[in-house]
Amino acid sequence: MITVKNLTKVFEDKKRGRIVAVDNISFEVNRGEIFGLLGLNGAGKTTTLRLLATILKPTSGTASLDGLDVVKSPEKAKAKLGFLTGATGLYARLQAREMIRYFGLLYGMSEADADKRTDELIAIFNLKDFAAVKCDKLSSGNKQKVSIARTMVHDPEVIILDEPTVGLDVITSRAVVNFVNDEKKRGKAIIFSTHVMHEAEKLCDRIGIIHYGKIIAVGTPDELKTITRCNDMDDVFVKLVEDNGNVS
Amino acid sequence: MFRNIKIIYRKELVDVIRDRRTIISMIVVPILIFPLLTIGFSGVMANLMQKSAAEKHKIAVINKDDAPDLYALIDSSSKVEIVSTDISVDSAKQAILDKLIRAAIIIPDDFSKKLANGETTSVQILYDASETKSDFALEKVKDLVTGYKLGILNSLLADRGVDPSLLEPFSVAETNVASKEKMGGLILSIFLPYIIILLSMLGAMYTAIDLTAGEKERGTLETILVSPVPRWQLATGKFLTILTTSVVSTSLAIISMSATMLYGMQSFGRMGEDMAINITPLMILIILLMMIPTACLFSALLMSIAIFAKSYKEAQSYLSPLMTIVILPALVAFLPGVELDLKLAFIPIVNICLCIKESLMGHINWIYVAIIFITTFIYASFAIFVTHRMFQKESVLFRS
Ligand SMILES: Nc1ncnc2c1ncn2[C@@H]1O[C@H](COP(=O)(O)OP(=O)(O)OP(=O)(O)O)[C@@H](O)[C@H]1O
Ligand SMILES: [Mg+2]
């Protein structure tokens with residue numbers, strides 16, 4: 001389970017000055033729940049998720065993954081986390097299988113366990129024919145599959161996926177969505193950020209709308225529809241953002 | 001802890017070896033540079049010297065009719081070729097500048113008559129000191145004229161019943177006491193440390209960029225930072241990989257250098273043999289003692305700078321000036337008369353360069369070797385510390 005408490009991140013940028021990318025955010029994600037994080041470009045989604053992954057240190061506030069504080073014990077918290085963003089690339093000169101296995105080892109598996117788990121994931125993601133292909137030679141769909149396999153190599157309790165379906169064809173993105181649903185049924189706490197509102201509506205149990213670094217609304221898709229009195233998820237989003245447009 | 005470092009090290013090494021650029025800078029360049037340099041350098045030099053000396057230089061003799069004996073002597077010499085006897089002084093000067101002829105002898109009017117009467121007179125030689133070939137021609141012509149002069153002198157003395165040896169009460173003999181090592185060492189011991197230091201840096205450079213800025217560019221830095229491996233272990237694994245490439249390229253350079261000295265130089269005949277250094281196992285030991293801490297220093301330095309860059313290109317633009325800055329002290333070994341002393345022993349790179357230079361020339365001072373070995377390791381530790389700090393800073397890792 002994920003607990004986010006008063007999380008704030010301020011960047012000191014030379015050109016743009018002080019940027020409050022994440023502004024006092026709090027929310028919770030339970031086991032067996034998919035939480036959608038929605039926002040415009042630059043709203044602060046990726047920064048929030050990076051704070052959770054301990055890649056960045058919060059300016060103030062904190063969060064915990066499966067009870068482990070990301071500020072106090074980052075390494076232990078990370079061991080519970082599977083993290084995938086558009087910025088988490090693959091090692092171009094490693095083969096797909098080497099890539100997955102490498103991360104298995106880094107998560108503390110023995111060589112034998114890492115081998116076994118790698119074979120398992122290659123089977124799950126239908127990557128048999130590509131296992132020995134170097135990552136830079138893979139299609140973007142297969143790259144994304146390898147990335148997700150890498151994310152799942154240690155069967156994490158907490159899963160964070162930043163726009164995992166971007167740039168994928170219908171079949172592949174459906175496979176990703178199905179996989180996320182399966183993990184949810186296995187009791188994982190999942191954060192899923194996306195631009196595609198209908199995908200969020202179908203997949204997410206609850207949705208948080210982030211705007212200028214602040215959470216401006218949280219609720220189930222139906223709750224959000226009721227608040228805004230809109231029927232279409234795109235309209236819900238646009239209405240919420242416009243109502244808060246002057247916040248900055 | 002060491003398990004993680006080992007896993008990272010092994011993966012980075014595999015990754016880096018699959019890159020053609022690493023193989024070229026780590027293996028191909030260090031192996032080929034010494035044979036190529038010697039072939040290029042010695043070959044061209046030896047060739048030039050021999051050609052110049054052996055060439056039959058074209059000269060002019062002006063007013064030959066007033067010195068038929070001297071003219072006959074020059075004409076019969078195989079070292080010069082008289083191509084003209086009927087040009088003016090001015091056109092002879094121009095011909096030398098135009099490299100049509102290399103020297104000209106001007107015989108004064110009534111040269112033979114004056115000689116016969118015992119009057120003094122002088123022969124003038126025109127040449128161009130800025131031209132090597134003209135210099136050679138001057139030497140040859142001078143030899144001929146001096147020989148002619150001595151001949152006249154001897155016959156004059158003999159006419160008057162004087163022993164010609166009276167002219168030289170004693171002779172001066174020069175003997176070169178430098179051993180062959182020292183002679184060769186002088187030229188090569190200046191070059192070799194410079195090239196070895198350059199190669200140890202070059203060998204590490206691509207790997208350093210690839211493992212830092214390269215990871216940012218390809219977006220794998222974030223992937224690896226998500227893993228539960230502490231950042232200092234990540235930095236250590238990467239540092240060891242970079243160090244490995246540097247040590248491999250330095251070792252290959254030393255092997256290639258020794259082999260070139262042992263087998264390659266003979267092919268240039270006597271001159272090559274004169275220049276070659278007899279590289280002993282002791283010299284190799286000292287070079288290794290000097291280069292291992294240097295490789296640590298370079299690896300950490302390159303890594304801590306390359307991690308700043310966001311891309312391969314940017315990293316290259318940072319490191320190229322560093323390359324010059326670091327190599328500049330290595331040039332100190334080129335300066336004549338600079339010798340290792342207690343002060344210089346503490347200046348990084350300069351001390352390494354001088355120590356290798358002097359040991360190649362056969363001077364081995366173990367106290368300096370120890371001082372330099374230890375101080376370089378201290379500098380390297382500092383650079384490693386800085387590198388680790390860089391890996392903790394999000395302003396460095398996520399520079400926007
Ligand atoms: N390292 C950094 N230094 C300075 N500013 C940053 C840094 N990273 C992000 N920002 C700024 O913080 C704000 C939030 O960015 P973030 O990447 O979190 O947005 P996002 O919601 O993920 O957007 P997108 O939908 O485009 O991915 C932006 O204004 C961005 O420019
Ligand atoms: Mg983003």
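The sequence lines fix the lettering, A, B, ..., with proteins before strands; numbering per chain opens at 1.
- A/Leu90 touches chain B through its backbone: at least one of N, CA, C or O sits under 4.5 Å from a heavy atom, while the side chain does not.
- Only the side chain of A/Phe103 comes within contact range of chain B, with heavy atoms under 4.5 Å apart.
- Contacts between B/Ile8 and chain A at a heavy-atom distance below 4.5 Å involve backbone atoms as well as side-chain atoms.
- With B/Tyr312 as the aromatic partner, B/Arg21 meets the cation-pi criteria of under 6.0 angstrom to the ring centre and within 45 degrees of the ring axis.
- Listed for the A/Arg31 side chain is no donor-acceptor partner under 3.5 Å among the backbone atoms of A/Asp66.
- Between chain B and the options A/Lys80, A/Arg150, A/Glu98, A/Arg50, heavy-atom pairs under 4.5 Å are most frequent for A/Arg50.
- Residue contact with chain B, scored on non-hydrogen atoms closer than 4.5 Å, involves the side chain of A/Thr85 exclusively.
- With a threshold of 4.5 angstrom between heavy atoms, B/Ile224 approaches chain A through its backbone and through its side chain.
- For chain B, no part of A/Glu12 is nearby; none of its heavy atoms comes within less than 4.5 Å.
- Within the 4.5 angstrom heavy-atom criterion, no atom of B/Gln233 approaches chain A.
- Both the backbone and the side chain of A/Lys57 come within less than 4.5 Å of a heavy atom in chain B.
- Aromatic pair A/Phe35/A/Phe27: ring centres closer than 6.0 Å.
- Each of A/Asp69, A/Asn6, A/Thr3 was compared with A/Thr62 under the side-chain hydrogen bond (donor to acceptor under 3.5 Å, both in side chains) criterion, and only A/Asp69 meets it.
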